[in-house]
Amino acid sequence: MATTLVDKHNLKQHGRKSGRDAKNSGDGSGVSRAEGWRRRGPLLPALIFTIVITQLPFLVTIWYSLRNWNLLRPDGNQFIGLQNYVDIFLDSTFRSSALNSIVITLGCVFLAMVLGIIFALLLDRKFRGQGIVRTMLITPFLIMPVAGATLWSISMLNPSFGLVNWVISLVGIPPVDWTASHPIVSILMALVWQWTPFTMLLVLAGLQSQPKDVLEAAQIDGAGWTKTFIWVTLPQLRRYIELGVLLGTIYVVNTFDQIYLMTAGGPGTASANLPFYIYQRAFLGFDIGQAAAMGVVVVIATIIIATFALRLIFRSFDAKD
């Protein structure tokens, strides 16, 4: 009997303790939830502002893309579903502009990354005038795209007095009308010149963050400069290179200034990329419906590419950790 009373007393005490623990746990979660909202609260106005200026216009663009709206035929504004998307994929100019976008983006990112790695390796060592050289190499990235495109179109690639033609004339090559004969190459020259400093800074940050003891260990083991770069330095730079490729792709795929000022998409539409062709359809052809459909396709394609690239980058970070 006494044992039974003791057991009942212990059960009551245990129940009271469990109740207090549950209450304390509930209060803790409430406090943590309130703390979370207190931290997130100041960010809500920025989040709402971002949604208003980005997502609402995108939803309106989707709505426009589902309508047959041409400003020259205001009476024909009607809902046509996905017909605009079907029409743009059947448009040969749209396909050629998409191909130009791919060529310009991949060519610019690849060449800028290669040159950025070379310049970063040169700047990673001490020499007299290093600060001046670094500043001069960074300068093209600080110039506005409009000014850079004008500089290349007039001062560098002009068929009569351009600097590039003067240089090639020294070796007996006749003058070349670059923007008319080689429009894609001309645009790539201007883009690579502008984006190489960006990739150079990223790679230089990676070079200066690598542990020196690893490099010293490689030297002690007898590894030369080439083997050290391939097996030690390059793996260390992987995440910086991937980040540079991702950001460069996102920005270069939206190139407009260089094409508009240097070639105007010509000759014909030979150098037009998707942003420039969307501009032509919207502001020269006044076809709002098809231009909106093209814009939606470009945004979705960019999101897919960026998501895939971000997963690769995060996977490399997780593997490193």
Side-chain angles (χ1 to χ4, degrees), residues 53-54 57-58 60-62 64-65 71 84 88-89 91-113 140-158 178-180 182-199 244-306 309:
I53 66 172
T54 60
F58 183 65
V60 173
T61 303
I62 295 176
Y64 286 159
S65 69
L71 297 181
N84 281 327
I88 63 174
F89 281 109
D91 185 3
S92 60
T93 305
F94 176 80
R95 295 196 299 269
S96 64
S97 299
L99 180 61
N100 288 340
S101 295
I102 295 173
V103 172
I104 292 173
T105 302
L106 295 182
C108 173
V109 172
F110 176 76
L111 293 175
M113 183 57 66
F141 186 65
L142 305 178
I143 297 177
M144 294 297 294
V146 174
T150 305
L151 172 68
W152 274 89
S153 179
I154 297 177
S155 300
M156 301 294 292
L157 300 179
N158 187 278
W178 291 96
T179 56
H182 309 284
I184 299 293
V185 175
S186 302
I187 295 170
L188 280 176
M189 288 182 185
L191 288 175
V192 171
W193 175 79
Q194 183 179 6
W195 283 100
T196 296
F198 174 75
T199 59
V245 170
L246 171 63
L247 296 178
T249 301
I250 293 175
Y251 284 107
V252 175
V253 77
N254 295 313
T255 298
F256 179 83
D257 308 73
Q258 287 81 0
I259 295 176
Y260 181 80
L261 293 173
M262 295 180 65
T263 65
T269 57
S271 60
N273 64 347
L274 286 177
F276 186 81
Y277 187 52
I278 293 173
Y279 159 79
Q280 286 183 319
R281 296 294 296 175
F283 297 99
L284 300 180
F286 303 103
D287 197 335
I288 305 300
Q290 287 197 5
M294 294 178 191
V296 172
V297 170
V298 172
V299 170
I300 293 175
T302 304
I303 291 175
I304 293 174
I305 295 174

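Just so it is clear, the structure is predicted and the values come from calculations on it, not from any experiment.
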Mind checking the [atom1]-[atom2] spacing from [X] to [Y]? Nearest 0.5 Å is all I need.
X: M156; Y: L151; atom1: CE; atom2: CG; result: 6.5 Å
X: I288; Y: L71; atom1: CD1; atom2: CG; result: 4.5 Å
X: I278; Y: Q280; atom1: CD1; atom2: CD; result: 11.0 Å
X: Q258; Y: W193; atom1: CD; atom2: CH2; result: 9.5 Å
X: C108; Y: I184; atom1: SG; atom2: CD1; result: 12.0 Å
X: N84; Y: I88; atom1: CG; atom2: CD1; result: 7.5 Å

Side-chain donor-acceptor pairs of residues 291-299 under 3.5 Å, sequence neighbours excluded:
none

* **F256 atom CZ: more than 12 heavy-atom contacts under 6.0 Å** =>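 Atom CZ in F256 is packed in, count exceeds 12.
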
* Counting only heavy atoms not in F58, do more than 12 sit closer than 6.0 Å to its CZ atom? ->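 For F58, atom CZ is crowded (more than 12 foreign heavy atoms under 6.0 Å).
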
Return the set of residues passing ring pair (Phe, Tyr, Trp, His ring centres under 6.0 Å) with [X] (not counting sequence neighbours), or none when no residue passes.
X: F286; answer: none
X: F198; answer: F141, W195
X: F283; answer: Y279

Which pair of heavy atoms, one from [X] and one from [Y], lies closest together, and at what distance?
X: A147; Y: I143; answer: CB-CG2, 3.8 Å
X: M262; Y: A190; answer: SD-CB, 3.8 Å
X: Q194; Y: P140; answer: CG-O, 3.9 Å
X: P183; Y: A180; answer: CD-O, 4.0 Å

* **N254 side chain vs P275 backbone, donor-acceptor pair below 3.5 Å** =>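 It does not hold such a pair.
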
* Would you check if the side chain of T199 reaches a backbone N or O of T196 as a donor-acceptor pair within less than 3.5 Å? =>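 Yes, the answer is positive, given that a donor and an acceptor are paired below the 3.5 Å cut-off.
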
* **side chain to side chain contact (heavy atoms under 4.5 Å, CB included) partners of L99, counting only residues at least two apart** =>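 If we apply the side chain to side chain contact (heavy atoms under 4.5 Å, CB included) test to L99, skipping adjacent residues, the hits are V103.
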
* Identify, with sequence neighbours excluded, every residue that meets side chain to side chain contact (heavy atoms under 4.5 Å, CB included) alongside I102. =>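 Scan of I102 (side chain to side chain contact (heavy atoms under 4.5 Å, CB included), adjacent residues dropped) gives L106.
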
* Asked: What pairs meet the salt bridge (Lys or Arg N to Asp or Glu O under 4.0 Å) rule with one or both residues in residues 261-271, with sequence neighbours excluded?
  ->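 Matches after skipping sequence neighbours: none remain.
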
* Asked: Is any side-chain heavy atom of S97 less than 4.5 Å from a side-chain heavy atom of T93?
  ->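 Yes, side chains in contact.
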
* Sequence neighbours excluded, which residues qualify as side chain to side chain donor-acceptor pair (under 3.5 Å) partners of T255? ->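 T255 satisfies side chain to side chain donor-acceptor pair (under 3.5 Å) with no other residue.
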
* Report the C-alpha distance between I259 and I104 in whole Å, list the side-chain angles of each, state the deciding distance to 0.1 Å, and finish with yes or no for side chain to side chain contact (heavy atoms under 4.5 Å, CB included). => CA-CA 11 Å; I259 295 176; I104 292 173; 4.2 Å; yes

Listed once per pair and sorted, the side-chain hydrogen bond (donor to acceptor under 3.5 Å, both in side chains) pairs that draw on [range], sequence neighbours left out:
range: residues 267-277; answer: D91-Y277, T263-S271
range: residues 101-113; answer: none
range: residues 285-294; answer: R281-D287, R281-Q290

* **With sequence neighbours excluded, residues passing salt bridge (charged side-chain N to carboxylate O under 4.0 Å, His left out) with D257** =>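 Expected list: none.
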
